[in-house]
Amino acid sequence: MNDSTEKYPPNFIRSIIEKDIAAGKNAGQVVTRFPPEPNGYLHIGHAKAICLSFGMAQEFGGTTNLRFDDTNPLKESTEFMESMKEDITWLGFKWNEERNASDYFEQLYQFAEQLIREDKAYVDSLSADEIREYRGTLTQPGRNSPYRARSADENLDLFRRMRAGEFADGEHVLRLKIDMASPNINMRDPTIYRIRHVHHHQTGDKWCIYPIYDYTHCISDSLEGITHSLCDLSFEDHRPLYDWVLDELNMNCHPQQIEFSRLNLQYTVMSKRKLKQLVEDKLVDGWDDPRLPTIAGLRRRGYTPGAIRDFCRRIGVTKSDNNVQLMVLEHAIREDLENTAPRVLGVVDPIKVVIENFPEGEVMALGAANHPKDESMGSREMPFTRELYIDRADFREEANRKYKRLVLGGEVRLRNAFVIKAEDVVKDSSGEIVELRCSYDPDTLGKNPEGRKVRGVIHWVSASHGVPAEIRLYEPLFTVEWPDASEKDYIELMNPASLTVKHGFVEPSLVAAGVEDRYQFEREGYFCIDRNDSKPERLVFNRVVGLRDTWAKIEQQEDS
RNA sequence: UGGGGUGUCGCCAAGUCGGUAAGGCACAAGGUUUUGAUCCUUGCAUUCGUAGGUUCGAGUCCUACCACCCCAGCCA
């Protein structure tokens with residue numbers, strides 16, 4: 001994973017780091033961190049941040065810490081911590097140290113006392129509503145709280161009693177004394193501690209006051225010796241506060257916060273709130289639903305860590321708003337699987353074919369390469385029998401010249417096997433085709449028939465030897481490209497056809513398929529064994545992504 | 001009417017000290033092909049949000065304007 005082919009193309013963050021190293025800043029070291037709040041599952045947007053923070057450190061011989069930003073016990077849990085560790089590891093990254101912001105609660109507290117003693121922080125006893133009122137608006141300056149003038153001694157006493165649990169939630173908060181008239185709202189005496197009599201998943205009941213992100217994050221970074229603290233653009237106007245705290249505390253390590261724009265990806269939503277609702281309201285099958293942009297979902301869908309990393313590299317890192325097309329992600333996984341996925345034959349929407357001139361009961365073993373270009377992937381045998389399945393879409397009673405598949409009275413090549421000819425169609429009372437009666441040309445195995453040109457090749461599976469399989473086909477979870485941009489509620493924009501379950505047949509070699517094995521079903525797409533539901537006796541495949549489909553495009557053009 | 005950002009091809013994105021617009025995705029046209037896949041070849045911004053200015057020369061410097069995004073949690 002560490003090879004140079006995975007290096008990022010030029011970007012502004014790398015330039016900054018290169019300059020810092022050239023200037024001898026931080027003794028030439030690069031230490032980054034990835035600081036998720038354990039209140040949900042990681043998604044593809046986090047993958048962008050992970051690849052960047054870990055990637056930059058890796059590239060310059062540095063290290064990256066994993067730090068759970070667990071300052072709000074109301075929303076967090078160890079379950080989410082575990083999932084995040086698993087996802088990061090699966091993505092292929094190794095953190096140097098695992099920390100929790102809560103590891104620093106005592107130090108954070110002591111720093112707060114220091115700020116109080118230096119008259120840089122005070123206990124405010126205004127209510128939340130009052131604080132909001134006093135804060136002013138975007139265009140109007142705020143006003144000082146009447147409690148702003150409390151003496152350091154009084155503040156210290158109050159703050160200690162806050163810690164001791166003498167007050168109820170919301171009775172007091174600790175605020176930084178900066179500037180209520182600042183044009184930057186974040187600098188208008190931000191709250192840094194609030195009272196919350198709740199159990200914390202790491203510190204238990206030790207604390208009833210919890211520090212706020214802005215105060216916690218910069219100090220945590222400093223304590224860990226982080227050199228470059230990468231985060232998304234929403235924290236850009238928090239940077240003055242980040243710097244203020246470290247400066248006022250005289251911290252000897254002052255990391256540089258650098259912001260980049262978050263990923264916007266087509267046909268999905270990325271906000272934790274929305275993902276959480278989809279999961280909790282059972283609109284999807286858990287955090288790892290293959291339709292979700294979560295790392296766990298992409299994994300279950302069949303995406304590889306390498307493809308996700310490649311995707312993150314392709315989209316780049318900038319400060320500009322970006323709207324990335326889904327096809328970029330799809331291209332990344334196709335490119336990976338094109339080279340690595342063994343080819344097999346699987347029929348998603350089966351229709352029975354009887355080869356009338358092939359003896360009943362006979363089984364012919366036909367060799368098939370596992371990859372058209374990579375002999376090292378070996379070959380296997382496929383049983384050819386009198387009764388087969390082909391895909392419904394590969395037969396038409398009549399069609400024009402552009403249709404290169406099986407037509408009544410016409411011929412087609414069965415992949416890795418013989419040329420067959422459709423002689424007759426059997427339909428049920430409703431007119432639905434239930435069976436095709438065909439003949440095969442025994443002299444076409446591995447060679448073209450004499451004097452005729454067979455234009456098409458279709459895939460097939462032996463009806464008697466094929467293995468039934470559940471095949472899950474996925475479409476985008478939302479019907480519009482940018483659900484977040486719509487004035488409609490995103491729930492209303494969900495795609496009712498995002499999951500289609502098919503019952504098809506796959507060639508018998510697949511009974512040996514293991515969890516998360518990925519294959520190319522030739523002419524169909526890439527499929528992955530579902531890690532939750534597939535059993536050897538009941539195979540379940542997820543379609544990762546279809547093959548590029550030029551034919552579908554041609555058909556569409558003809559329709560219009 | 002406050003502050004902070006961003007504007008280079010349909011999308012993403014390189015563009016060093018100003019020297020005459022990388023690349024990827026997508027798209028189009030050919031070629032190879034027992035996957036309408038892959039692969040190969042070719043094409044695809046006289047123009048860099050707009051308008052002025054400086055300069056022999058500007059995406060890169062200056063000025064003004066326009067558009068879009070973020071910020072008023074005791075969330076992160």
Side-chain angles (χ1 to χ4, degrees), chain A residues 9-11 15 35-37 39 69 71-72 74-76 124 126-128 131-133 135-142 169-175 182-188 190-196 209-210 212-214 216-217 231-240 259 261 263 266 272 313-332 334-335 338-339 343 345 368 371-373 402-405 412-417 419 444-448 454-459 520-525 546-555:
Chain A
N11 65 61
S15 306
E37 182 188 18
N39 67 344
D69 228 318
T71 55
N72 187 358
L74 258 21
K75 296 183 175 174
E76 299 150 5
D124 197 354
L126 250 26
S127 71
I131 287 183
R132 190 178 317 121
E133 273 182 50
R135 184 157 34 228
T137 68
L138 294 178
T139 52
Q140 294 167 290
D169 289 8
E171 247 184 278
H172 308 284
V173 293
L174 185 69
R175 292 229 254 167
S182 171
N184 180 348
I185 289 203
N186 297 300
M187 299 299 270
R188 318 238 263 233
T191 297
I192 60 169
Y193 268 95
R194 75 288 218 191
I195 300 171
R196 284 243 199 296
I209 57 172
Y210 292 98
I212 294 284
Y213 166 85
D214 284 308
T216 308
H217 198 80
C231 62
D232 79 69
L233 279 179
S234 63
F235 295 103
E236 200 155 27
D237 43 20
H238 291 236
R239 180 156 27 93
E259 312 85 7
S261 56
L263 164 68
Q266 260 180 354
K272 280 217 185 137
R313 226 169 297 122
R314 284 170 186 275
I315 59 176
V317 182
T318 65
K319 293 176 76 126
S320 44
D321 286 349
N322 57 83
N323 299 294
V324 177
Q325 299 177 322
L326 219 211
M327 48 181 138
V328 180
L329 217 209
E330 293 181 334
H331 173 81
R334 281 199 192 102
E335 186 175 86
E338 156 67 22
N339 297 313
R343 270 81 237 248
L345 300 190
H371 190 106
K373 292 180 178 172
K402 282 188 179 170
Y403 187 79
K404 302 198 299 187
R405 308 176 188 186
V412 79
R413 158 80 60 185
L414 292 181
R415 176 68 167 158
N416 294 135
V419 169
T444 54
L445 187 61
K447 60 178 176 183
N448 289 125
V454 176
R455 298 170 64 233
V457 181
I458 65 173
H459 53 99
Q520 184 196 93
F521 288 8
E522 290 198 46
R523 301 209 317 128
E524 287 286 358
L547 253 28
R548 195 162 156 270
D549 193 352
T550 309
W551 169 242
K553 241 176 258 170
I554 295 169
E555 268 190 313

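We name chains A, B, ... by the order of the sequence lines, and we start the count at 1 in each one. Because only heavy atoms are used, hydrogens play no part in the values below, and waters and symmetry mates are left out as well, while side chains stay in.
- A/Asn322 has its side chain within reach of A/Leu263: a pair of non-hydrogen atoms, C-beta onward, lies under 4.5 Å apart.
- Spacing of P atoms, B/rA22 relative to B/rC65, comes out at 33 Å, to the nearest Å.
- Remark on RNA chain B: of its neighbouring residues A/Asn72 and A/Thr139, the 5'-side contact belongs to A/Thr139, judged by nearest-heavy-atom nucleotide.
- Between A/Glu524 atom CD and B/rG36 atom P the separation is 11 Å, expressed in whole Å.
- With contacts defined as side-chain heavy-atom distances shorter than 4.5 Å, the pair A/Val173/A/Ile131 qualifies.
- A close approach under 4.0 Å does occur between a side-chain nitrogen or oxygen of A/Arg196 and OP1 or OP2 of B/rC75.
- Shown here are the salt bridge (charged side-chain N to carboxylate O under 4.0 Å, His left out) partners of A/Arg523, two or more places apart in sequence or in another chain: A/Asp394.
- Listed by chain and number, the residues in a salt bridge (charged side-chain N to carboxylate O under 4.0 Å, His left out) with A/Glu171 amount to none (sequence neighbours excluded).
- Checked by distance alone, A/Gln140 brings no side-chain donor or acceptor within 3.5 Å of a matching partner on the base of B/rG2.
- Shown here for A/Lys402 and A/Trp551, the closest heavy-atom pair between the two residues is O-CZ3, 3.6 Å.
- Distance A/Arg548 CZ to B/rU33 P: 18 Å, rounded to the nearest Å.
- In this structure, of B/rG2, B/rC39, B/rU35, it is B/rG2 that holds the atom nearest to the side chain of A/Leu138.
- Nucleotides B/rU20 and B/rC48 place their C1' atoms 13 Å apart, quoted to the nearest Å.
- Side-chain to base pairing of A/Arg405 with B/rG36: one donor and one acceptor N or O lie within less than 3.5 Å of each other.
- Note on A/Val173: a base of the nucleic acid sits closer than 4.0 angstrom, heavy atoms only.
- Using atom P as the reference point in both B/rG59 and B/rU47, the two lie 11 Å apart (nearest Å).
- Summary of the strand contacts: A/Arg194 and A/Val457 both lie near RNA chain B, and taking for each the nucleotide with the nearest heavy atom, the more 5' one is attributed to A/Val457.
- One donor-acceptor pair, N or O on each side, does fall under 3.5 Å between the base of B/rU35 and the side chain of A/Gln520.
- For A/Arg523, the listed nucleotide lying nearest its side chain is B/rU35; candidates were B/rG5, B/rU35, B/rA72.
- In this structure, A/Thr71 reaches the sugar-phosphate backbone alone: every heavy-atom distance under 4.0 Å involves primed, P, OP1 or OP2 atoms, never a base.
- In this structure, A/Gln266 atom CD and B/rG10 atom P are separated by 15 Å, rounded to whole Å.
- Taking atom P in both B/rG24 and B/rC68, the straight-line distance is 33 Å, to the nearest Å.
- Taking 4.0 angstrom as the limit, A/Ser234 places none of its side-chain polar atoms (N or O) nearer than this to OP1 or OP2 of B/rA76.
- Considering only the side chain of A/Arg135, B/rA72 comes nearest among B/rA72, B/rC25, B/rA76.
- Going from the C1' atom of B/rU8 to that of B/rG23 covers 13 Å, rounded to whole Å.
- Secondary-structure annotation of RNA chain B gives the stems B:2-7 with B:66-71, B:10-12 with B:23-25, B:27-31 with B:39-43, B:49-53 with B:61-65, with a stem taken as at least 3 successive Watson-Crick or G-U pairs whose two distances both fall under 3.5 Å.
- Residue A/Pro240 is out of contact with every strand shown, counting any heavy-atom pair closer than 4.0 Å.
- Listed by chain and residue number, nothing satisfies the salt bridge (charged side-chain N to carboxylate O under 4.0 Å, His left out) test with A/Lys373 (two or more places apart in sequence, or in another chain).
- Put simply, CD on A/Glu259 is 13 Å from C1' on B/rU6, counting in whole angstrom units.
- We find that CG of A/Leu547 is positioned 14 Å from C1' of B/rU33, with the value rounded to whole Å.
- With a glycosidic angle more than 90° from 0, B/rG36 adopts the anti conformation.
- Taking 4.5 Å as the limit, every side-chain heavy atom of A/His217 sits out of range of all side-chain heavy atoms of A/Thr71.
- Atom CG in A/Asn186 sits about 12 Å away from atom C1' in B/rA76, given to the nearest Å.
- By the salt bridge (charged side-chain N to carboxylate O under 4.0 Å, His left out) test, A/Arg188 pairs with no residue at all, sequence neighbours left out.
- Residue contacts shown for A/His459 are absent, as no nucleic acid heavy atom lies under 4.0 Å away.
- Nucleotides B/rA58 and B/rG19 place their P atoms 11 Å apart, quoted to the nearest Å.
- What separates CG of A/Leu329 from P of B/rG24 is a distance of 19 Å, to the nearest Å.
- Residue-nucleotide stacking is not present for A/Tyr213 and B/rA76, judged by a side-chain ring centre under 5.5 Å from the six-membered base ring centre and planes under 30° apart.
- Contacts of A/Gly446 with the nucleic acid, taken as non-hydrogen atoms under 4.0 Å apart, include base atoms.
- A/Tyr193 places none of its side-chain heavy atoms less than 4.5 Å from the side chain of A/His172.
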Detail all sub-3.5 Å separations between protein N/O atoms and N/O atoms belonging to nucleotides 13-15 of chain B.
| from | atom 1 | to | atom 2 | distance (Å) |
| --- | --- | --- | --- | --- |
| B/rA13 | OP1 | A/Thr318 | OG1 | 2.7 |

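- Out of B/rG36, B/rC75, B/rG3, the shortest distance to the side chain of A/Pro183 is found at B/rG3.
- Within the 4.0 angstrom heavy-atom criterion, base atoms lie near A/Ile131.
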Start with the C-alpha distance between A/Lys272 and A/Glu37, add both sets of side-chain angles, then the distance that settles salt bridge (charged side-chain N to carboxylate O under 4.0 Å, His left out), and finish with yes or no. CA-CA 11 Å; A/Lys272 280 217 185 137; A/Glu37 182 188 18; 5.1 Å; no
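- Classification of the A/His238-A/Tyr213 ring pair by plane angle, with boundaries at 30° and 60°, yields perpendicular.
- Using a 4.0 Å heavy-atom cutoff across all strands shown, A/Tyr193 reaches no nucleic acid atom at all.
- Taking atom P in both B/rU41 and B/rC25, the straight-line distance is 13 Å, to the nearest Å.
- A/Leu445 comes within 4.0 angstrom of a nucleotide base, judged by non-hydrogen atoms across all strands.
- At the heavy-atom level, A/Glu37 lies under 4.0 Å from the strands shown only through sugar-phosphate atoms.
- Within the 4.5 Å cutoff, the side chain of A/Leu414 has no heavy atoms near those of the A/Val419 side chain.
- In this entry the distance linking CZ of A/Arg132 with P of B/rC71 reads 16 Å, nearest Å.
- The base of B/rG4 has none of its N or O atoms less than 3.5 Å from a complementary donor or acceptor on the side chain of A/Asn184.
- Between B/rG18 and B/rU54, the two C1' atoms lie 11 Å apart (nearest whole Å).
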Verdict with supporting geometry, A/Ser182 and A/Asn184, side-chain hydrogen bond (donor to acceptor under 3.5 Å, both in side chains): CA-CA 5 Å; A/Ser182 171; A/Asn184 180 348; 5.5 Å; no
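- Using a 4.0 Å heavy-atom criterion, one finds that A/Lys553 contacts the sugar-phosphate atoms exclusively.
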